[in-house]
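These notes are about the structure you will find just below.
In what follows, chains are A, B, ... by sequence order, proteins preceding strands, each numbered from 1.
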Amino acid sequence: MDFELSEEQNLIRDVAARFLEDNWSSDIRRKGLDEPPATIPSELWSEIAAMGWLGISVGEDVGGGAQDMLSAAILAEAAGAALLPGPLISTMAAVTALDRSGNQSLRNAHIRALIQGDKRATLAVEEANGCWGPDRVEARAVLASDGSGTLTGTKILVPDGDGADLFLVAARLPDGLGLIAIAGDAPGLSVTPMRRMDGQAVVEVQLDGVPFDENAILASTDGDAERVLREAYDFWSVLLAADLLGISSAVLEITTEYAKERVQFGRPIGSFQAVSHKLADNLVDVEIGRSLLYGACLALDEEAPDREVLVSAAKAYLSDTAVSVSESGLQLHGGIGYTWELDIHLYLRQARCNAASLGDAAHHRERAATYLADSFG
Amino acid sequence: MDLTFSVQDEAFRARFRAWLEEAMAEYKEVMRAGGGNPLEQSRVWQAKLYEAGYLGMAWPRAYGGQEASLTEQVIVSEELARAKAPGTINTIGLTIAGPTIVQHGTEAQKQRFLPKILTAEELWCQGFSEPGAGSDLPALRTRAELKDDHFVVNGQKVWTSGAFFSNWCALLVRTDPSAPKRKGITYLLCDMKSPGIEVRPLRNAGGGSHFCEVFFDDVKIPRENMVGELHGGWQIARSTLEHERSGLSGVIALEGNLERLWQLASTIQRGDHKAIDEVMVRHQLVQMWFEKEGLRYLGFRNLSAQISGSGAGVSGSLGKLVNSQLRQKMASLGLEIAGPLASVAKKSPHVLDRGRWQAGYFDALGYSIGGGTSEIMHNAIAEGVLGLPHSADQ
């Protein structure tokens with residue numbers, strides 16, 4: 001029985017927090033709302049890669065860190081708390097999908113360059129159909145008998161897609177769903193920049209009969225492509241939940257400090273129960289959410305039978321928590337909280353965007369309901 | 001990270017589970033035969049647990065305890081909850097008075113009181129709250145004057161669960177009215193048969209009579225029944241109130257509630273569909289499952305922190321707050337799922353499940369009051385965890 005962070009994980013957390021404090025500023029995000037999108041400068045990206053963050057979950061034989069899910073989540077949490085933009089998380093998810101797929105030729109061809117930051121990969125799953133996730137994917141891959149194929153469809157909200165070297169595209173294959181690796185310069189692939197409410201760059205990807213061959217499919221060693229896609233999406237969802245936890249705990253800390261210092265009616269406002277009880281409720285949500293996240297991480301590592309429902313629990317709970325903690329943070333700061341200069345709206349923007357990414361709370365509640373109906377039925 | 005228990009722990013669990021199954025079958029047989037009143041039956045059940053070595057898990061062996069590991073303690077409470085075993089009758093003795101005597105009592109007190117708490121030969125109640133001292137417990141005014149070798153106690157306690165059947169009372173009294181309120185309180189062990197004690201049962205909002213008012217009129221308590229120092233009772237009371245628990249057995253009870261709710265929603269017909277087919281019902285149930293599961297993993301974090309001694313556990317106030325909120329949300333949802341039948345009284349035609357959802361609803365209301373109100377839990381989290389300034393002048 002050991003459900004605490006290991007010494008090594010505590011170290012990962014502390015180093016990540018210090019590194020981001022020294023090398024990243026929320027001001028870049030604020031400027032990114034008025035000017036072209038806030039991105040991570042290439043020198044910083046190289047440093048992040050050199051620290052081993054991108055390949056933290058990837059096998060050691062290709063230079064990865066071979067750490068567990070929780071260690072990756074700790075990095076994502078630190079990124080959320082520091083308001084680092086999304087490519088860190090989407091890259092971690094993409095390289096891990098590549099690493100675990102069992103497609104050795106793809107893995108050998110790309111993974112070192114990706115985790116060293118020399119090339120960029122991303123995942124393209126969502127489509128403009130009002131839904132989320134693998135189940136609603138409509139992009140279609142047609143395969144000929146000689147193993148050549150074409151891919152047609154439209155993907156939206158693809159992170160880090162501008163200049164990506166490799167798109168892992170979710171599509172319907174003749175025998176189920178799967179991820180197909182498509183080069184950024186493939187014929188028939190075109191990219192249109194989109195922008196999120198929090199200033200982050202995402203893209204729409206048009207796939208118009210893009211040619212590929214069957215070796216580009218990310219199948220597992222026993223040939224199961226759908227499982228690779230679903231596992232990648234769950235892995236990515238947990239990292240996003242960790243980012244939302246980082247947002248929640250950062251806003252709670254900022255607001256708690258403010259409530260201790262801000263004096264009205266001759267007392268710090270944190271001594272008023274209308275304020276302190278709200279903050280206590282926020283802490284409850286953060287701690288329950290953190291517990292669910294740890295549970296989901298462990299379940300994924302152990303391939304536990306309840307892993308999908310725990311992933312949904314963490315994503316749903318932390319989506320709601322990040323939004324509500326950010327909203328009450330804004331409210332409890334009073335007038336100053338409603339200004340452009342304060343970081344709270346930056347957190348709230350990212351919370352709203354990430355809460356609406358990879359399945360919102362209602363989407364995940366519904367997915368969990370299907371699982372629970374079986375277990376209670 | 002690793003949530004598995006050791007091989008030895010799992011072997012212990014298997015042994016206990018097997019014993020429990022058999023013991024409960026026997027107990028139910030006795031119940032069916034109508035053996036004794038409910039109080040006597042509960043005593044018998046507790047004595048059975050004790051004799052088999054599954055009670056007083058944390059207590060020293062010298063006084064009948066088991067000195068079991070933390071994981072074994074958790075396993076016992078988990079398995080009891082899972083098997084829906086009858087409660088142990090001597091709750092206050094086992095969770096409040098006993099641990100206080102273990103920690104702060106004299107050798108004579110330990111020998112005198114602890115074994116009989118375990119065997120349920122002597123049942124205990126807790127005389128803390130007063131009409132003027134609820135959430136503000138340190139404001140208590142029940143007066144005790146030390147005269148030679150005994151105290152003379154005058155005053156009134158309230159919300160004293162089980163006072164009408166208890167043999168002993170863990171009592172907080174004011175011994176120094178001139179000192180600051182936390183510095184003039186003494187912790188006494190009071191024989192409930194002492195002359196001058198009057199117990200009046202109080203009916204709760206749900207109609208039950210579990211708690212009482214207790215009046216003290218010149219009640220004599222020997223000085224040897226004082227725990228700790230004179231005027232030092234507040235620190236002693238606090239140390240047991242703050243006794244950290246993982247809360248894992250409470251989670252298993254919540255799990256049982258949730259499963260029954262899900263089954264109710266899957267059974268109740270609403271015209272052309274079942275209640276569970278409604279998104280609002282289904283999503284509320286799922287959200288409660290999430291919160292229950294969050295409490296479970298929070299419990300694992302706390303248990304791990306207790307085992308490692310890292311101090312990284314999360315405040316017990318937080319678990320208590322979430323647990324009581326969740327119980328109430330579940331109870332309310334039960335009535336919502338019941339639909340029109342939510343209003344039908346027990347013993348009436350058309351009553352649903354003999355009125356258990358309504359009884360559960362009123363039962364749940366007490367959880368956010370007893371053992372510290374949710375408002376006080378909020379204060380404890382705000383001040384104790386977040387470090388916010390005190391909400392009231394101390």
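- Checked by atom type and distance alone, the side chain of B/Trp289 never pairs as donor or acceptor with a backbone atom of B/Glu255 at under 3.5 Å.
- The aromatic rings of B/Phe300 and A/Phe3 stand perpendicular to each other, their planes meeting at an angle above 60°, with 30° marking the opposite boundary.
- A 4.5 Å side-chain heavy-atom check between A/Ser319 and A/Asp360 finds every atom pair outside the cut-off.
- Both the sub-6.0 Å distance and the 45° axial angle are satisfied by B/Arg13 relative to the ring of B/Phe5.
- Chain B forms the most heavy-atom pairs under 4.5 Å with one residue out of A/Asp285, A/Asp320, A/Leu283, and that residue is A/Leu283.
- Both the backbone and the side chain of A/Ser276 come within contact range of chain B, each with at least one heavy atom under 4.5 Å from a heavy atom of that chain.
- Taking 4.5 Å as the limit, every side-chain heavy atom of B/Val76 sits out of range of all side-chain heavy atoms of B/Glu72.
- Heavy-atom distances place no part of A/Ala361 under 4.5 Å from chain B, backbone and side chain included.
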All N/O donor-acceptor pairs, side-chain side in residues 368-377 of chain A, below 3.5 Å, sequence neighbours left out:
residue: A/Thr370; atom: OG1; partner: A/Glu366; partner atom: O; Å: 3.1
residue: A/Ser375; atom: OG; partner: A/Leu372; partner atom: O; Å: 3.3

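- A/Arg136 CZ: 12 or fewer foreign heavy atoms inside a 6.0 Å radius.
- In this structure, the portion of B/Val385 lying under 4.5 Å from any heavy atom of chain A is its side chain and not its backbone.
- Contacts of B/Leu303 with chain A are made by side-chain atoms alone, with heavy-atom separations under 4.5 Å and no backbone atom involved.
- Residues of residues 262-280 of chain B lying within less than 4.5 angstrom of chain A, judged on heavy atoms, are B/Trp262, B/Gln263 in numerical order.
- Near-neighbour residues of residues 365-375 of chain B relative to chain A, defined by a heavy atom under 4.5 Å from a heavy atom of that chain, comprise B/Glu375.
- Taking A/Lys260, A/Glu4, A/Gln273 one by one and counting their heavy-atom pairs under 4.5 Å with chain B, the maximum is reached by A/Glu4.
- A 4.5 Å side-chain heavy-atom check between A/Ile89 and A/Leu75 finds every atom pair outside the cut-off.
- Both the backbone and the side chain of B/Asn379 come within less than 4.5 Å of a heavy atom in chain A.
- Looking at heavy atoms from C-beta onward, A/Gln9 lies in side-chain contact with A/Asp68 at the 4.5 angstrom threshold.
- For B/Leu285, no part lies under 4.5 angstrom from a heavy atom of chain A.
- The greatest number of non-hydrogen atom pairs below 4.5 Å with chain B, out of A/Ala362, A/Pro268, A/Ser312, is found for A/Ala362.
- If you measure heavy-atom distances from B/Arg301 to chain A, the contacts under 4.5 Å come from both the backbone and the side chain.
- Using a distance-only test at 3.5 Å, with no hydrogens or angles considered, a donor-acceptor pair links the side chain of A/Ser248 to the main chain of A/Leu244.
- In this structure the side chain of B/Lys329 never reaches within 4.5 angstrom of the side chain of B/Gln287, judged on heavy atoms.
- Between B/Tyr54 and B/Phe16, the ring-plane angle classifies as tilted under the 30° and 60° cut-offs.
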Would you tabulate the side-chain donor-acceptor contacts of residues 292-302 of chain A under 3.5 Å, counting partners in other chains and residues two or more places apart, or write 'none'?
residue: A/Tyr294; atom: OH; partner: A/Arg290; partner atom: NH1; Å: 3.1
residue: A/Asp301; atom: OD1; partner: A/Met69; partner atom: N; Å: 3.2
residue: A/Asp301; atom: OD2; partner: A/Met69; partner atom: N; Å: 3.1

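- With hydrogens and angles ignored, the 3.5 Å screen pairs no side-chain donor or acceptor of B/Glu291 with any backbone N or O of B/Val322.
- The closest side-chain heavy-atom distance from B/Trp357 to B/Leu341 is not below 4.5 Å.
- In this structure, chain A has a heavy atom under 4.5 Å from the side chain of B/Ile307, while its backbone stays farther away.
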